[in-house]
Amino acid sequence: SSTMVNRDFLTLKDFKPEEIEQLLWTAKDLKTRIRDNKELFQPLKGKSIAMLFQKKSTRTRLSTEMGMTLLGGHASFLSPDDIHLGVSESIEDTGRVLSRFADLLFGRVYGQSDLDVLAAEATVPVINGLSDQYHPLQILADFVTLQEYYGYLHGLKLAWVGDGNNIVHSLMMGCGKLGMELRVATPKGYEPDGQVIKDATKLSAQSGSTLHLTHDPMEAVYRADVIITDTWVSMGQEEEKLIRLRDFAGYQVNRKMVKEAASDWTFLHCLPRKQEEVTDDIFYDKKSLVWEEAENRKWTVMAVMLHLLMEYKPTILKPKL
Ligand code: CP
Ligand code: NVA
């Protein structure tokens, strides 16, 4: 079987379906052992992670710091104000130096290529904590959340209503790998990246599922099990806010839209949430899984850190995926 030890976690595209399933299984296992059974389990004692953040974060930072602590290791958070990176030291040199201190590197960046450069120079694994292109950690948490609610993943119908951004790019890869049907509705001009569409379409065909793109939100949500959205204004796009609010008219997830979905619909949002993209009555509905989804960021990033550093066999039975 394949190992994930010493690999970079930059995009789900690089991972086989069975590897992604392994990460979801381990996440659920850690949640069971550490949260439910209150077990002290510290396989990463003495290990450390250096976290480089070019952008703000609540969940990604805290889930990784606290997850690393739970596993017995140490996390160092480095904001752009703290280190020389980007000011008086190159990303290449920073990657080489941090590799001498830490067992893992973690980056939240603008360009995905910054992560590629970091990974090329680093001698330890690099984890993507969000770039303009991808947010793979978020999708692992989304999948654990849906597995817990529905009891399976394969065959679920997901609908994305919103921007063709980093989150939907990773969702497209993840659904293609694990065989979930995905319909993506974006306004004209906000479609997902062309190469990501190509890659995800191929993956969907391989797993016997489908990826469908549309400009009609109602078509996307029709009989969907899960409705997913995100902010219309991602970090770094603040200046486009007024244009975007205008262009995304009709894309707000609301009661009328949800009526088109399957009767046992659920709602996901990576957070932080703004009011434009989803009404309060949906966001705070019982069927909105956003709080479980946020919590699962912790158990999933723990699974990723663990598997990049050592072999691990879960103690619980593999969940149906
Ligand atoms: N979902 C997510 O990545 O949230 P943060 O920006 O708070 O890390
Ligand atoms: N698309 C959002 C996600 C935040 C977690 C952004 O990139 O800002």
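Read the numbers this way: they start at 1 and go in the same order the structure lists the ligands and their atoms. Nothing fancy with the numbering, it's 1 onward along the sequence.
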- Looking only at protein heavy atoms, which one is nearest to atom 6 (C) of ligand 2, and how far off is it? Ser234 OG, 3.3 Å

- Item | Any Asp163 side-chain heavy atom under 4.5 Å of Glu277 side chain | no

- Item | Nearest neighbour in protein (non-hydrogen) for atom 4 (O) of ligand 1 | Arg59 NE, 2.9 Å

- Message: Are Pro43 and Leu71 packed together at the side-chain level, in the sense that at least one heavy-atom pair is separated by less than 4.5 angstrom?
- Response: yes

- Query: About how many Å separate CG of Leu171 and CG of Leu182, when rounded to the nearest 0.5 Å?
  - Reply: 5.0 Å

- Record the part of Leu130 in heavy-atom contact with ligand 2 below 4.0 Å; permitted values are side chain, backbone, both and neither. side chain

- Looking only at protein heavy atoms, identify the closest one to atom 8 (O) of ligand 2 and say how far it is in Å. Met235 N, 2.8 Å

- N/O separation below 3.5 Å, Leu271 to ligand 1: yes

- Geometric cation-pi criterion, Lys274 with Trp232: 6.0 Å, 45°: no

- Item | For ligand 2, the portion of Asn166 having any non-hydrogen atom under 4.0 Å away | side chain

- Query: Which atoms of ligand 2 sit under 4.0 Å from any heavy atom of Leu271?
  - Reply: 5 (C)

- Item | Side-chain ion pair, Asp280 and Arg273, N-O less than 4.0 Å | yes

- Query: Identify the closest protein heavy atom to atom 3 (C) of ligand 2: which residue and atom is it, and at what distance?
  - Reply: Asp230 OD2, 3.6 Å

- Per-atom contacts, ligand 1 versus His135 - under 4.0 Å to a heavy atom: 2 (C), 3 (O)

- Here the pair of heavy atoms bringing Leu306 nearest to Thr26 is CD2-CG2, 4.2 Å

- Query: With backbone taken as N, CA, C and O and side chain as the heavy atoms from C-beta onward, which portion of Arg108 lies under 4.0 Å from ligand 1: side chain, backbone, both, or neither?
  - Reply: side chain

- Side chain or backbone of Leu130 under 4.0 Å from ligand 1, or both, or neither, by non-hydrogen atoms? neither

- Query: Taking the six-membered ring of Phe77 as reference, does the NZ or CZ atom of Arg61 fall below 6.0 Å from its centre and within a 45° cone about the axis?
  - Reply: yes

- Item | Numbered atoms and elements of ligand 1 in range of Cys270, under 4.0 angstrom, heavy atoms | 1 (N)

- Could you name the option among Thr58, Asp142, Leu137 that has the heavy atom nearest to atom 7 (O) of ligand 1? Thr58

- Query: Is there a nitrogen or oxygen of Thr60 sitting under 3.5 Å from a nitrogen or oxygen of ligand 1?
  - Reply: yes

- Task: Side-chain contact test, heavy atoms from C-beta onward, threshold under 4.5 Å: evaluate it for Thr60 versus Phe53 and give yes or no.
- Result: yes

- Do Ile34 and Trp299 have side chains that get closer than 4.5 Å, going by heavy atoms? yes

- Message: Side chain, backbone, both or neither: which applies to Arg297 and ligand 1 if a contact is any heavy-atom pair less than 4.0 Å apart?
- Response: side chain

- Cation-pi check, Arg7 to Phe15: give yes when NZ or CZ is under 6.0 Å from the six-membered ring centre and within 45° of the ring axis, no otherwise. yes

- Task: Take every heavy atom of Asp132, measure it against each atom of ligand 2, and state whether any distance is under 4.0 Å.
- Result: no

